[in-house]
Amino acid sequence: MKKPEVKKMLSILKKEFPEPKSALNFSNPLELLIATILSAQSTDKIINEVTKELFRKYKKPEDYIKVPITQLEKDIKKTGFFHNKSKSLRGCCEKLINDFNGKVPDNLEDLVTLPGVGRKTANCVLGNYFGKPGIVVDTHVKRLSQRLGLTEQENPDKIEFDLMEIIPKKEWTDFSNRLILLGRKYCIARKPKCEECPLQKICPSAFNVEKK
DNA sequence: CTCCCGATAT
DNA sequence: ATATCAGGAG
């Protein structure tokens, strides 16, 4: 996709989703961090269901450490990968307490040192809580970037850097959220609704996907 | 590259 | 039955 089309794409996205907000429910940085870690290979619907109960029980990092690990596993079971995720949550909270004064760090270098936190999760927290621009390459952003011809890459980190070149920095977070919304509403993985998609005219793969 | 791993749509 | 869902670690 060439530069003029990228501009067109950004303006269409802006019109379609004027106020792109995270679909995850949270009321502080710790909650956003936890919700985002849990969101791996799970739907936001399930996550919000689970965190509703979870955040009522667990308020501070200490709360995740004082319960038996089996209890924490039970509390997040529905998100899948519960064995790994419970260990991540616990390790994460221990590190927050030991190395970061109990606070969620506000920069990428520190965030990615936390267990269960990669660039996707870190950028999500930076953008959606701290107001620091970041391209969030989740499964939607990956799929849509490829379909829209914004990248030829497979590796999420490489896709992130490709998008950083194409998209103005100020819009990194909103752009990510808008692609995610578009991916959920129209550009669905299995059965994309190209005929309803606002980007249909400028999307290189609109017809192919539909006729397949 | 493989494993983790429950819930839902197709 | 299988693909896919707001990925990350070994």
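Order of the sequence lines fixes the chain letters, A, B, ..., with proteins taken first and strands second; residue numbering starts at 1 for each chain.
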Scan [X] against the nucleic acid and name what it touches under 4.0 Å (heavy atoms): base, sugar-phosphate only, or nothing.
X        : value
A:Thr121 : sugar-phosphate
A:Lys85  : nothing
A:Asn177 : base
A:Leu32  : nothing
A:Ala23  : base
A:Pro115 : sugar-phosphate
A:Ile46  : sugar-phosphate

Expressed in whole Å, how much space separates the [atom1] atoms belonging to [N] and [M]?
N     : M      : atom1 : answer
C:dA3 : B:dT2  : P     : 15 Å
B:dA9 : C:dA6  : P     : 12 Å
B:dC5 : C:dG10 : P     : 14 Å

Is the number of heavy atoms from other residues, nucleotides or ligands under 6.0 Å of [X] [atom1] greater than 12?
X        : atom1 : result
A:Glu19  : CD    : no
A:Lys57  : NZ    : yes
A:Asn101 : CG    : no

First of A:Val112 and A:Asp138 reached from the 5' end of DNA chain C, by closest nucleotide:
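Looking at DNA chain C, the more 5' nearest nucleotide goes with A:Asp138.
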
Earlier contact from the 5' end, DNA chain C, for A:Val117 and A:Lys21:
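So the residue in question is A:Lys21.
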
Identify whether A:Val141 and A:Ile188 are in the same connected component of the hydrophobic contact network (ILVMFWY, side-chain heavy atoms under 4.5 Å).
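Per the 4.5 Å side-chain linkage, A:Val141 and A:Ile188 are not co-clustered.
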
Is it true that A:Leu24 and A:Leu181 fall in one hydrophobic cluster, defined by side-chain heavy atoms closer than 4.5 Å?
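No, because A:Leu24 and A:Leu181 fall into different hydrophobic clusters, even though each may have its own neighbours under 4.5 Å.
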
Please report, rounded to the nearest Å, how far the [atom2] atom of [N] is from the [atom1] atom of [X].
X       : N     : atom1 : atom2 : value
A:Phe81 : B:dA7 : CZ    : P     : 13 Å
A:Ile47 : B:dG6 : CD1   : P     : 14 Å
A:Gln41 : B:dC4 : CD    : C1'   : 10 Å
A:Leu89 : B:dC4 : CG    : P     : 19 Å
A:Leu38 : B:dC4 : CG    : C1'   : 14 Å

Mind checking which nucleotides bracket the chain A contacts on DNA chain C, 5' to 3', with an atom under 4.0 Å from a heavy atom?
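Endpoints of the contacted stretch of DNA chain C: C:dA3 to C:dA9.
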
A:Ser88 and A:Ile37: which non-hydrogen atoms are nearest, and at how many Å?
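Distance-wise, the nearest heavy atoms are CB-CG2, 4.3 Å.
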
May I ask you to list the residues sharing a hydrophobic cluster with A:Ile65, side-chain cutoff 4.5 Å, ordered by chain and number?
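Members alongside A:Ile65: A:Ile97.
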
By nearest heavy atom, map A:Asn84 and A:Arg190 onto DNA chain B; which one lands nearer the 5' end?
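Here A:Asn84 is the residue nearer the 5' end.
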
Could you tell me whether A:Glu5 and A:Lys8 have a side-chain N and a carboxylate O separated by less than 4.0 Å?
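No, A:Glu5 and A:Lys8 are not salt-bridged.
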
